[in-house]
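Small disclaimer: the values here were computed from a predicted structure and weren't measured.
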Amino acid sequence: RMANLTLSGYLTTAQTVAWTGATQKIDSLTDNEWTDLSDEIDNSTNKYAFADLDLALGSAAFSGADAGIEVYIVPTVDGTNYPDWSGNATTDAPEQGHYFVAFLPLKTATGARRVVSTSQAQIQLPNGKFKFGLRSRANVTLASSGNTLNYRPHSYAI
């Protein structure tokens, strides 16, 4: 007999993604610039299947069509080593494309912005350790403070 799987509710409070050792974080990210990879997140015990994202950005003059933030999840298969990542640069890096998980669109306006993904986006989390990376497509340099990425995991309920 097979169990019926449905999506669970949120399984924990929202978790803030940190960039403590990074040179380029979300703050002051220029248009087309990549962050360095975030601090490591270990999903090997909880094995959360999915996450919703919550991006809060400090005040800036967001403008232009298709403005937003690209979100990437970069896994490690062996629990230690991560693939190459071109952080702190504004050049295209097509080798990073397969880590892409979401585009969070920004409304054209001057002021602080907040955008969330939803469970319909089905942002899958790796079963082991991983890091986040971002690329700004905001058409403006992000504020020097007040920028935060949170994720809130959910999974399946039997």
Practice prompt. May I have the step-by-step check of salt bridge (Lys or Arg N to Asp or Glu O under 4.0 Å) for Arg135 and Asp31, ending in yes or no?
Written response: CA-CA 8 Å; Arg135 186 177 194 193; Asp31 188 41; over 6 Å; no
Worksheet item: Does any non-hydrogen side-chain atom of His154 lie less than 4.5 Å from one of Asp52?
Response: yes
Discussion item. Please check this pair: side chain of Ser117 against backbone of Leu53, looking for a donor-acceptor N/O pair closer than 3.5 Å.
Written reply: yes
Worksheet item: So Thr30 and Thr90, side chain to side chain contact (heavy atoms under 4.5 Å, CB included) or not? Walk me through it.
Response: CA-CA 8 Å; Thr30 63; Thr90 56; 3.8 Å; yes
Discussion item. Are more than 12 heavy atoms, taken from residues, nucleotides or ligands other than Asp84, located less than 6.0 Å from that residue's CG atom?
Written reply: no
Discussion item. Test salt bridge (Lys or Arg N to Asp or Glu O under 4.0 Å) on Glu70 and Arg137; report intermediate values, then the result.
Written reply: CA-CA 7 Å; Glu70 296 174 354; Arg137 296 296 191 154; 3.2 Å; yes
Worksheet entry | Over 12 non-hydrogen atoms of neighbours within 6.0 angstrom of CG in Asp66 | no
Worksheet item: Quick one: are Ser63 and Val140 in side-chain contact, heavy atoms under 4.5 Å?
Response: no
Discussion item. I want to check something: taking the side chain as every heavy atom from C-beta on, are Ile123 and Phe50 in contact at a cut-off of under 4.5 Å?
Written reply: no
Discussion item. Within the structure provided, determine whether Phe132 and Ile41 are in side-chain contact (heavy-atom separation under 4.5 Å).
Written reply: yes
Item to complete: Report the relative orientation of the aromatic rings in Trp85 and Tyr72; use parallel for angles under 30°, tilted for 30 to 60°, perpendicular for over 60°.
Response: perpendicular
Worksheet item: Got a second to check how far Phe62's CZ is from Leu106's CG, nearest 0.5 Å?
Response: 5.5 Å
Practice prompt. Indicate the atoms forming the closest heavy-atom contact of Pro83 with Pro75, along with that distance.
Written response: CD-O, 3.5 Å
Worksheet item: Distance-only, no hydrogens or angles: does the Ser136 side chain make a donor-acceptor pair with backbone N or O of Ile69 under 3.5 Å?
Response: no
Worksheet item: Can you list every pair that meets side-chain hydrogen bond (donor to acceptor under 3.5 Å, both in side chains) and has a residue in residues 107-116, with sequence neighbours left out?
Response: Asp54-Arg114
Got a list of side-chain donor-acceptor pairs under 3.5 Å for residues 13-21, not counting sequence neighbours?
from	atom 1	to	atom 2	distance (Å)
Gln15	NE2	Thr13	O	2.8
Thr16	OG1	Asn150	OD1	2.7
Trp19	NE1	Asp36	O	2.8
Thr20	OG1	Asp39	OD1	3.1
Thr20	OG1	Asp39	OD2	2.7

Worksheet item: Ser86 versus Gln96: any side-chain heavy-atom pair under 4.5 Å?
Response: yes
Worksheet item: With a 4.5 Å heavy-atom cut-off, do Leu149 and Ile26 have their side chains touching?
Response: yes
Discussion item. Are Val74 and Tyr82 packed together at the side-chain level, in the sense that at least one heavy-atom pair is separated by less than 4.5 angstrom?
Written reply: yes
Item to complete: Indicate yes or no: at least one non-hydrogen side-chain atom of Trp34 is less than 4.5 angstrom from one of Thr91.
Response: no
Discussion item. Could you tell me if Asn46 and Asn43 have a donor-acceptor pair between their side chains, going purely by distance under 3.5 Å?
Written reply: no
Worksheet item: Where the side chain of Asp92 meets the backbone of Pro94, is there a donor-acceptor pair that is under 3.5 Å apart?
Response: no
